[in-house]
There are 2 protein chains.
Amino acid sequence: MNLNTDFVDKLRNSGLRPTKQRLKICEILFDNDKTFHFSVKDLSKIISQKLGEKISLATVYNTVHAFEKKGYLKEISINSNQTYFDTNTSSHHHFFDEKEKKLIDLKNEDVDPINIKKTIPGKKIKSIEVLVKLDPDNY
Amino acid sequence: MNLNTDFVDKLRNSGLRPTKQRLKICEILFDNDKTFHFSVKDLSKIISQKLGEKISLATVYNTVHAFEKKGYLKEISINSNQTYFDTNTSSHHHFFDEKEKKLIDLKNEDVDPINIKKTIPGKKIKSIEVLVKLDPDNY
DNA sequence: CAATAGTTTAGAATGATTATAAACTAATAA
DNA sequence: TTATTAGTTTATAATCATTCTAAACTATTG
Ligand SMILES: [Mn+2]
Ligand SMILES: [Mn+2]
Ligand SMILES: [Zn+2]
Ligand SMILES: [Zn+2]
């Protein structure tokens with residue numbers, strides 16, 4: 001298990017103990033090369049499917065927030081009844097499929113750079129995010 | 001009360017009965033020329049301040065959603081534990097002051113038109129919104 | 001192994017929002 | 001006007017995502 005030792009290192013290097021719960025969540029989140037967008041509910045479902053053992057919901061929340069704090073996950077701004085996270089922590093924009101409730105990454109080249117011409121005294125720009133909502137073609 | 005009859009008409013024309021609760025909320029939301037961004041909590045607070053009589057929280061929710069359905073209010077996409085509404089129902093972008101938890105409109109001329117070069121088969125773009133998060137200058 | 005700090009967990013608590021159902025009221029017809 | 005109806009308000013309960021709590025468990029270190 002080459003990957004597993006990678007995750008152990010990743011966690012240790014972040015000051016997080018490599019527990020089996022965290023390693024399992026790492027495998028789900030970071031084992032593939034694709035960006036993964038998810039809610040805690042999504043993640044819990046995947047865990048209970050791919051896993052013999054259960055991980056407590058509190059632990060899933062703890063882990064996701066720990067990973068977010070360490071910069072391995074990013075929270076995404078969409079209006080929903082639940083919070084979404086993103087394994088792509090770079091600054092990027094999204095489609096949001098309102099029917100499927102799924103986020104889709106937009107690549108940098110898919111959107112021209114956003115230039116904000118207004119400034120607010122005493123404030124600086126922290127992030128610029130474009131959210132493109134999608135509906136079915138016929139609607 | 002010229003305004004009040006205006007609101008009565010507005011409500012009647014929308015098929016909503018002009019109750020005193022709705023008229024009061026109209027005054028708070030639509031009486032000024034400025035865009036008003038608010039959460040239900042904000043609105044409730046203003047109501048209890050500016051008003052002798054109380055309006056039930058359920059009614060505030062009902063009214064806000066009724067107005068939204070009629071196109072007098074728009075829900076705004078930000079990651080927060082509460083939903084925000086906007087009296088500016090046109091398509092426009094926002095600053096979000098993360099410290100004050102306040103939304104600020106960006107005018108059309110403040111942001112160059114956003115051009116999305118990617119398409120998703122079977123889906124069409126419903127809206128494009130930019131959210132610019134602000135932090136204090138020193139941070 | 002022993003001591004410690006960090007982690008997991010079930011379950012309780014919180015807080016925004018929605019649902020319920022009874023009381024109330026505006027609109028309409030008689 | 002009055003009666004009828006449909007729409008509205010309201011207190012309260014229910015829901016649901018998320019956070020808190022405190023006790024049990026475990027990785028780390030000496
Ligand atoms: Mn978070
Ligand atoms: Mn709504
Ligand atoms: Zn993404
Ligand atoms: Zn606005």
Side-chain angles (χ1 to χ4, degrees), chain A residues 4-5 7-28 37-48 51-70 72-73 75-85 101, chain B residues 4-5 7-28 37-48 51-70 72-73 75-85 101:
Chain A
N4 207 283
T5 58
F7 291 142
V8 169
D9 290 348
K10 176 174 186 156
L11 291 170
R12 282 233 177 78
N13 293 338
S14 320
L16 297 172
R17 290 183 182 173
T19 64
K20 68 168 187 286
Q21 291 87 346
R22 284 175 177 163
L23 288 169
K24 206 45 151 172
I25 291 174
C26 277
E27 282 174 34
I28 293 169
H37 300 101
F38 63 97
S39 66
V40 168
K41 199 178 167 191
D42 295 333
L43 181 54
S44 293
K45 196 170 296 176
I46 293 170
I47 289 169
S48 59
L51 206 59
E53 307 148 74
K54 286 159 196 164
I55 298 180
S56 160
L57 184 59
T59 300
V60 180
Y61 274 101
N62 287 344
T63 303
V64 162
H65 284 130
F67 287 180
E68 185 196 7
K69 191 168 295 177
K70 294 300 178 183
Y72 302 139
L73 290 175
E75 216 172 317
I76 299 297
S77 286
I78 55 172
N79 241 144
S80 169
N81 56 332
Q82 47 190 352
T83 300
Y84 280 73
F85 293 90
K101 306 281 180 210
Chain B
N4 207 283
T5 58
F7 291 142
V8 169
D9 289 349
K10 176 174 185 154
L11 290 171
R12 281 231 178 80
N13 292 338
S14 322
L16 296 172
R17 290 186 182 173
T19 64
K20 67 169 189 280
Q21 291 88 346
R22 284 174 178 164
L23 288 169
K24 208 44 152 173
I25 291 175
C26 276
E27 283 174 33
I28 293 169
H37 300 100
F38 62 97
S39 65
V40 168
K41 199 177 168 191
D42 295 333
L43 181 53
S44 294
K45 197 170 295 176
I46 293 170
I47 289 168
S48 59
L51 207 58
E53 308 147 73
K54 285 158 196 166
I55 297 180
S56 158
L57 183 59
T59 299
V60 179
Y61 274 101
N62 288 343
T63 302
V64 162
H65 284 129
F67 288 1
E68 185 197 8
K69 192 169 295 180
K70 295 300 177 183
Y72 303 139
L73 290 174
E75 216 173 316
I76 299 296
S77 286
I78 55 173
N79 242 142
S80 168
N81 57 329
Q82 46 190 356
T83 300
Y84 280 73
F85 292 91
K101 306 281 180 208

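Every heavy atom of this structure was used, including side-chain atoms; hydrogens, water molecules and symmetry mates were not.
The residue A/Thr59 sits close to a base: some heavy atom pair falls under 4.0 Å. Residue B/Lys54 is classed as a sugar-phosphate contact, given heavy-atom separations below 4.0 Å to backbone atoms only. Residue contacts shown for A/Ser39 are absent, as no nucleic acid heavy atom lies under 4.0 Å away.
Between A/Gln21 atom CD and D/dA24 atom C1' the separation is 13 Å, expressed in whole Å. Atom pair B/Lys69:NZ and D/dG7:P shows a separation of 13 Å (rounding to whole Å applied).
The 5' end of DNA chain C is approached more closely, in terms of each residue's nearest nucleotide, by B/Lys41 than by the other of B/Arg12 and B/Lys41.
The side chain of B/Arg22 places an N or O atom within less than 4.0 Å of a non-bridging phosphate oxygen (OP1 or OP2) of D/dT9. Taking 4.0 angstrom as the limit, A/His65 places a side-chain polar atom (N or O) nearer than this to OP1 or OP2 of D/dT19. Put simply, A/Thr19 has no side-chain N or O that comes within less than 4.0 Å of OP1 or OP2 on C/dT7. The side chain of B/Arg17 places no N or O atom within less than 4.0 Å of a non-bridging phosphate oxygen (OP1 or OP2) of D/dA6.
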**Item:** From CA spacing to verdict: side chain to side chain contact (heavy atoms under 4.5 Å, CB included), B/Leu23, B/Leu11
**Value:** CA-CA 9 Å; B/Leu23 288 169; B/Leu11 290 171; 3.8 Å; yes
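Partner of B/Ile76 under the side chain to side chain contact (heavy atoms under 4.5 Å, CB included) criterion, chosen from B/Phe38, B/Phe85, B/Tyr84: B/Tyr84. Each of A/Leu73, A/Thr83, A/Thr59 was compared with A/Val64 under the side chain to side chain contact (heavy atoms under 4.5 Å, CB included) criterion, and only A/Leu73 meets it.
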